[in-house]
2 protein chains.
Amino acid sequence: MNTNESGGLRERKKVATRESLSAAALRLALEHGPENVRVDDIAEAAGVSPRTYNNYFSSREQAIVAAIAAERALRVGAALRARPADEPLAEAVIEAVVEQYGAGSEPTGDALMLITSTPGLRAEFVDTVAGIEQPLAAAIAARTGSDDELGIAVLAAAVSAAARVAVARWVRPAQDTQPMGLVVVSSRPLADLLREALAHLTPALTFPTR
Amino acid sequence: MNTNESGGLRERKKVATRESLSAAALRLALEHGPENVRVDDIAEAAGVSPRTYNNYFSSREQAIVAAIAAERALRVGAALRARPADEPLAEAVIEAVVEQYGAGSEPTGDALMLITSTPGLRAEFVDTVAGIEQPLAAAIAARTGSDDELGIAVLAAAVSAAARVAVARWVRPAQDTQPMGLVVVSSRPLADLLREALAHLTPALTFPTR
DNA sequence: ACACAAAAGTGCGTGCGCGCAAAAATGCGC
DNA sequence: GCGCATTTTTGCGCGCACGCACTTTTGTGT
């Protein structure tokens, strides 16, 4: 039945509510500055109650970043599954992560300005990278056929950690901030940083223990 | 001058306040159950105001776990520095982590019962493992003499992530919980889980990129 | 079409985390 | 010992996260 395939009305309304809330949070943050966004305002703009807002998000930063990072982490698993089956695991993982987080996928313009505007938003954006861990573990397990659950979890966690280091390096404030306290990202493309960071894990992904 | 060596009275009082707060949080949690501990009670027991409590801790779980995990993460860096200089990096790192988190160092008795009693405490305990990342990076840099800052950060982050996976595996609820909903840790010693997890990173620690 | 179950939305109250500014404590030079 | 600078403590107020219980909406079987 159609409702099972795409999820029913309830499921679609749930997704729509979440998207409406994060879109409202982002718009209000861009209009008034992230520190001036109020939960009551976000909820009202999305047409739900503040309590419902908290059913979906535990902080303002989480809601704002959700509109920017939008399930990117979840797509890493799908990207890895889509890599050629005969490609070495290390390369496949690197390209899957770079595809979702670099090479044209990184935030730009107003969104980038926003996530680097406060420590809280920067930290939340960096934290969203951790979301790749579970989908990646599932995709690695499917790809390798390995039943070493701990080993797979460790490799996925290491990749997630390396990606987080690269993203943190990319968004961290420059040592000497620009005039007016402007914060800019690293001049290096995120794809470069990701590849360099993940290259250090190539040996671990290439020579599995056992 | 003496005050510079050990830190002055101000510094010593700061340390004492933090220890007093976390000890009070732990004692009240053991006496009344972690969910019934109030910030006002912790602050009063430690002899400071609730506002001061929040200068040191951002949550009740953080204060409780601080009394249990007590700077263990910071000592991993020192433990690595203390390993034989000619020992391969991978083995030195593994033994340093195991020394601080396993092999007789893991929580037992009431403390163990407490950190596995609620999802919040379990998550906070697992999160404290992330604290090994910076001290470990500093110790790896000192030990290898490498100036590849990103590479060192990635290796330290990967080790931290692997240790977190092992600790999370150790404290996670058993699939079939005991009667009365009792939660127990994995039957395997934490040292075993840590060694197995970190073994997967031995190739990355042994064959540096470059 | 209806009845019932399940899930989502919501109001309310509670506890609390944090920014700000003022008071108190400590460090230091003279 | 004193004056000044710095740091820590604290009170206050605000915004908010969440548990609980109730209402509303959606899903499902008959």
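A, B, ... follow the sequence lines: proteins, then strands. Residue 1 opens every chain. Remember, predicted model here, so these are calculated numbers, not experimental data. When reading the values below, keep in mind they use all heavy atoms of this one structure, side chains included, and skip hydrogens, waters and symmetry mates.
Regarding B:Asn54, its CG atom lies at a distance of 16 Å from the P atom of C:dC20, rounded to whole Å. Rounding to whole angstrom units, CD of residue A:Glu61 and P of C:dG17 are separated by 16 Å. Spacing between atom CD of B:Glu44 and atom P of D:dT10 amounts to 13 Å, rounded to whole angstrom units. Counting to the nearest Å, the C1' atom of D:dG13 and the CZ atom of A:Arg38 are 13 Å from each other. One atom, CG of B:Asn36, and another, P of C:dG15, lie 11 Å apart when rounded to the nearest Å. Atom CZ of B:Arg60 is separated from atom C1' of C:dG17 by 13 Å (rounded to the nearest Å). The CD atom of A:Glu35 sits 14 Å away from the C1' atom of D:dC16 (whole-angstrom rounding). At whole-Å resolution of the value, CG in B:Leu9 and P in D:dT9 are 11 Å apart.
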Summary of protein contacts for nucleotides 3-11 of chain C, nucleotide by nucleotide, where a base hit scores B, a sugar-phosphate-only hit scores S (4.0 Å, heavy atoms): ---BBSSBB
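The side-chain contact (heavy atoms from CB on, under 4.5 Å) test applied to B:Gln62 returns B:Phe57, B:Ser58, B:Ser59, B:Glu124, not counting sequence neighbours. Residues meeting the side-chain contact (heavy atoms from CB on, under 4.5 Å) test with A:Asp192, sequence neighbours left out: A:Arg188, A:Pro189. Applying the side-chain contact (heavy atoms from CB on, under 4.5 Å) test to B:Glu19 and every residue at least two apart in sequence or in another chain returns B:Val15.
Between the side chain of B:Ser105 and the main chain of B:Glu99, a donor-acceptor pair closer than 3.5 Å is present.
Residue pairs meeting the salt bridge (Lys or Arg N to Asp or Glu O under 4.0 Å) criterion with at least one partner in residues 52-68 of chain A, sequence neighbours excluded, are A:Glu35-A:Arg60. For residues 150-160 of chain B, no pair satisfies salt bridge (Lys or Arg N to Asp or Glu O under 4.0 Å), with sequence neighbours left out.
At a threshold of 4.0 angstrom between heavy atoms, the contacts of B:Tyr53 are confined to the sugar-phosphate backbone, with no base atom among them.
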Candidate pair B:Thr17 and B:Lys14, rule side-chain contact (heavy atoms from CB on, under 4.5 Å), full reasoning: CA-CA 5 Å; B:Thr17 298; B:Lys14 204 170 152 176; 5.8 Å; no
B:Ile94/B:Thr202 under side-chain contact (heavy atoms from CB on, under 4.5 Å): CA gap, chis, key distance, verdict: CA-CA 9 Å; B:Ile94 293 175; B:Thr202 294; 3.9 Å; yes
Donor-acceptor pairs under 3.5 Å, side chain of residues 153-163 of chain B to any protein atom, not counting sequence neighbours: which ones?
none

For residues 130-146 of chain B, which side-chain N or O atoms pair as donor and acceptor with protein atoms under 3.5 Å away, sequence neighbours left out?
unit_1	atom_1	unit_2	atom_2	d
B:Glu133	OE1	A:Arg164	NH2	3.1
B:Arg143	NH2	B:Pro84	O	2.7
B:Arg143	NH2	B:Glu87	O	2.9
B:Thr144	OG1	B:Ile140	O	2.8
B:Thr144	OG1	B:Ser146	N	3.3
B:Ser146	OG	B:Asp148	N	3.1

Solution key, residues 39-50 of chain A side-chain donor-acceptor pairs under 3.5 Å, sequence neighbours excluded:
unit_1	atom_1	unit_2	atom_2	d
A:Ser49	OG	A:Arg51	N	3.2
A:Ser49	OG	A:Thr52	N	3.1
A:Ser49	OG	A:Thr52	OG1	3.4

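Summary for the helix from C:dA1-D:dT30 to C:dC30-D:dG1: the axes at its two ends, each from 5 pairs, differ by 40° when rounded to the nearest 10 degrees.
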Check: protein-nucleotides 2-4 of chain D nitrogen or oxygen pairs below 3.5 Å:
none

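Of the residues in residues 18-29 of chain A, not one places a heavy atom less than 4.0 Å from an atom of DNA chain C.
Put simply, A:Ser58 has a side-chain N or O that comes within less than 4.0 Å of OP1 or OP2 on D:dC18.
Checked against B:Val65 for a side chain to side chain contact (heavy atoms under 4.5 Å, CB included), the options B:Leu26, B:Leu114, B:Leu121 give a single hit: B:Leu121.
The existence of a salt bridge linking A:Glu71 and A:Arg75 is excluded, since no basic side-chain nitrogen approaches an acidic carboxylate oxygen closer than 4.0 Å.
Across B:Glu106 and B:Tyr101, no two heavy atoms sit closer than the pair CB-O, 3.8 Å.
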